[in-house]
Q: 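Could you have a look at this structure, given as structure tokens, before my questions?
In this chain, numbering begins with 1 at the start of the sequence shown. Atoms considered below: every heavy atom in the structure, side chains included; atoms not considered: hydrogens, waters and symmetry mates.
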Amino acid sequence: MPPPPPPLGRGRKRAAHAFDAALDDAELAAARTALAQGRWQTARSLLARTGDDWDRRGHRVTVLAQEPHCAPWTRDWLLAEPDSADAAVLLALAQVQRALRGKEKAVRARESCHTAAALAPADPTPWLGLLMLESALGAEEEVRRLFAEVRARYADHHHAHHLMVARLAERHPGTGPDPLHEVYDFANQAAEHAPADSPLAVLPVIAHAERYRVLAAAGHEARDAAASGHWSGRRARQVMRAAFDWWLEWEQEGHPRRLVDLNFLAHAKVCEGRGAEAAALFHRIGEHATPSPWSYPDRDPYPAFSAARDTALGTT
């Protein structure tokens with residue numbers, strides 16, 4: 001049976017403003033709906049078609065794993081196909097999601113990730129699952145080790161770099177603004193060593209936003225991002241300009257997580273006061289908003305996104 005419609009009243013209003021982790025991947029959204037109804041065969045076909053497009057595979061597995069009933073339905077898949085690497089990795093990341101929500105023991109999620117990794121040694125996705133888990137729960141040394149495991153299999157892994165930037169940004173929150181903070185060096189080096197057309201070129205913007213999140217939470221920056229001086233310094237302007245110029249040249253319409261980058265870049269342009277550039281980005285984003293960075297440091301993300309978009313597009 002399909003899931004029931006949202007209830008009337010406030011619940012229906014919240015559902016209209018829900019963020020969709022699938023972004024603009026219609027095949028992924030359809031597979032997620034089928035999985036919620038117990039039809040795991042659609043997810044099976046989707047992952048088989050995805051193959052070794054590692055960024056797309058990581059994105060699709062992560063989104064499917066967030067479906068609340070993913071784990072039991074994927075166990076049914078494994079009963080039918082015990083040697084399926086796709087089923088094993090989907091179950092592993094589903095258990096990671098459950099562990100992050102406090103509904104599964106972290107040790108079981110780790111075991112499932114290692115099982116999936118053994119079935120597909122070249123696949124970075126099980127290691128992405130471990131990195132997601134340890135980024136939230138683990139020690140820094142283990143986070144760095146797991147990031148290296150992902151990169152050993154796919155050096156330019158988009159999601160893994162975002163996780164690493166978010167974790168590094170949290171180091172030394174009490175030191176205040178520091179243009180030499182290690183998160184900036186990490187992001188700059190990753191961008192410089194990536195291929196010219198790699199979306200990792202936008203990583204310095206991600207680092208700037210993640211560090212703002214930490215500094216604002218610690219009281220070192222204004223909690224209104226647009227009013228913060230964090231976005232107006234010389235270094236910040238250079239980072240934003242370089243990332244925007246890269247987007248104009250390459251755009252990366254086919255990358256599965258490009259809308260994540262576009263939300264970060266649009267947020268940066270809004271904070272920088274570059275309305276025309278922000279408007280161009282909002283046109284590309286459409287309705288595909290992401291909670292981060294609009295929620296930074298503790299804002300309600302959809303109203304923040306909507307207000308910024310309406311101002312940039314002149315629809316207020």
Q: Starting from L119, can I reach V150 by hopping between I/L/V/M/F/W/Y residues whose side chains sit under 4.5 Å apart?
A: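 In one cluster with V150: L119, no.
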Q: Using only atom types and a distance under 3.5 Å, with no angle test, would you say the side chain of T315 pairs donor to acceptor with the backbone of T311?
A: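 Not at all, since once roles are kept as given, no pair shorter than 3.5 Å links the two residues.
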Q: Any salt bridge linking D20 with R32? Criterion: basic side-chain nitrogen under 4.0 Å from a carboxylate oxygen.
A: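 So D20 pairs with R32 through a salt bridge.
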Q: Flag the pair D55 and R257 as a salt bridge only when some basic side-chain nitrogen lies within less than 4.0 angstrom of an acidic carboxylate oxygen.
A: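 A salt bridge is absent here (no side-chain N lies under 4.0 Å from a carboxylate O).
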Q: Considering only heavy atoms from C-beta outward, does the side chain of W247 approach that of L281 to under 4.5 Å?
A: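 W247 vs L281: side chains touch.
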Q: So, S295 side chain and P291 main chain: donor-acceptor pair closer than 3.5 Å or not?
A: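 Such a contact is found between S295 side chain and P291 backbone.
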Q: Does the distance from a Lys or Arg side-chain N to an Asp or Glu carboxylate O, for K269 and E277, drop under 4.0 Å?
A: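 A salt bridge links K269 with E277.
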Q: Would you indicate whether R223, at its atom CZ, is surrounded by more than 12 heavy atoms from other residues, nucleotides or ligands within a distance under 6.0 Å?
A: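 Atom CZ in R223 is crowded, with more than 12 foreign heavy atoms closer than 6.0 Å.
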Q: Using only atom types and a distance under 3.5 Å, with no angle test, would you say the side chain of R167 pairs donor to acceptor with the backbone of E134?
A: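 Pair found, side chain donor or acceptor close to backbone of E134.
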Q: Quick check with a 6.0 Å cut-off and a 45 degree axis cone: is R211 positioned over the face of Y184's six-membered ring?
A: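 Relative to the ring axis of Y184, which defines the angle, R211 lies outside at least one limit.
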Q: Please report the C-alpha distance between W294 and Y302 in whole Å, then the side-chain angles of each, then the deciding distance to 0.1 Å, and finally whether the side-chain contact (heavy atoms from CB on, under 4.5 Å) criterion is met.
A: CA-CA 7 Å; W294 303 104; Y302 191 85; over 6 Å; no
Q: Are any of the side-chain nitrogens in R57 or D123 under 4.0 Å away from the carboxylate oxygens of its partner?
A: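 Yes, charged N to carboxylate O under 4.0 Å.
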Q: Using 4.0 Å as the upper bound for N to carboxylate O, is an ion pair formed by D245 and R241?
A: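 Judged by the 4.0 Å cut-off on N to carboxylate O distance, R241 and D245 do form a salt bridge.
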Q: In sequence, state the C-alpha distance, the side-chain angles, and the governing distance for R44 and D86, and then conclude on salt bridge (Lys or Arg N to Asp or Glu O under 4.0 Å).
A: CA-CA 7 Å; R44 178 186 185 275; D86 287 347; over 6 Å; no
Q: Is there a side-chain contact between P199 and W250 in this structure, where contact means two heavy atoms from C-beta onward sitting under 4.5 Å apart?
A: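 When only atoms from C-beta onward are counted, W250 and P199 do not touch, as no gap falls below 4.5 Å.
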Q: Closer than 4.0 angstrom, basic N to acidic O: yes or no for E142 and R145?
A: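 Salt bridge flag = yes for R145 with E142.
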Q: Flag the pair W231 / Y212 as yes when at least one side-chain heavy-atom distance between them is below 4.5 Å, and no otherwise.
A: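 In short, these two side chains touch, coming nearer than 4.5 Å.
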Q: Check for a donor-acceptor pair, side chain of H208 on one end and backbone N or O of H230 on the other, with a separation under 3.5 Å.
A: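 Pair found, side chain donor or acceptor close to backbone of H230.
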Q: Run the numbers on D261 and H158 for side-chain contact (heavy atoms from CB on, under 4.5 Å), then give the verdict.
A: CA-CA 10 Å; D261 288 331; H158 189 271; 2.8 Å; yes
Q: Ion pair present between R213 and E221, side-chain N to carboxylate O less than 4.0 angstrom?
A: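 E221 and R213: not salt-bridged.
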Q: So, do W54 and D156 sit near enough that their side-chain heavy atoms are less than 4.5 Å apart?
A: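 Result no, sub-4.5 Å side-chain heavy-atom pair not found.
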Q: Are the side chain of H161 and the backbone N or O of H157 linked by a donor-acceptor pair below 3.5 Å?
A: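 Flag set: sc H161 to bb H157 pair under 3.5 Å.
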Q: Quick one: do E287 and R309 satisfy salt bridge (Lys or Arg N to Asp or Glu O under 4.0 Å)? Show the steps, please.
A: CA-CA 10 Å; E287 294 299 318; R309 178 188 59 188; 3.1 Å; yes
Q: List in chain and number order the residues that pass salt bridge (Lys or Arg N to Asp or Glu O under 4.0 Å) with D224, two or more places apart in sequence or in another chain; answer none if no residue qualifies.
A: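 Per chain and number, D224 pairs via salt bridge (Lys or Arg N to Asp or Glu O under 4.0 Å) with no residue.
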Q: Has E141 got more than 12 heavy atoms of other residues, nucleotides or ligands less than 6.0 Å from its CD?
A: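 Counting other residues, nucleotides and ligands, CD of E141 stays at 12 neighbours or fewer.
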Q: Is the number of heavy atoms from other residues, nucleotides or ligands under 6.0 Å of W246 CH2 greater than 12?
A: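 It does: W246 CH2 has more than 12 such atoms within range.
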Q: Would you call E140 and R144 a salt bridge, taking side-chain N to carboxylate O under 4.0 Å as the test?
A: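 Here E140 pairs with R144 in a salt bridge, since their nearest N and O are under 4.0 Å apart.
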Q: Tell me whether the count of non-hydrogen atoms from other residues, nucleotides or ligands lying under 6.0 Å of NE2 in H193 goes above 12.
A: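 Result for NE2/H193: open.
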Q: Give a yes or no answer on whether the side chain of Q252 reaches the backbone of D197 with a donor-acceptor pair at less than 3.5 Å.
A: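 Yes; judged by distance alone, with no hydrogens or angles, the pair exists.
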Q: Do R237 and E272 sit within salt-bridge range, that is, some charged N less than 4.0 Å from a carboxylate O?
A: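 E272 and R237: not salt-bridged.
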Q: Aromatic ring centroids of F305 and F19 under 6.0 Å?
A: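 Aromatic pair excluded; centres sit 6.0 Å or further apart.
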Q: Take D24 and R258, measure what side-chain contact (heavy atoms from CB on, under 4.5 Å) needs, and give me the verdict at the end.
A: CA-CA 10 Å; D24 62 345; R258 72 189 181 283; 2.4 Å; yes
Q: Can any side-chain N or O of S84 pair as donor or acceptor with the backbone N or O of A87 at less than 3.5 Å?
A: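 Looks like yes, one N/O pair under 3.5 Å.
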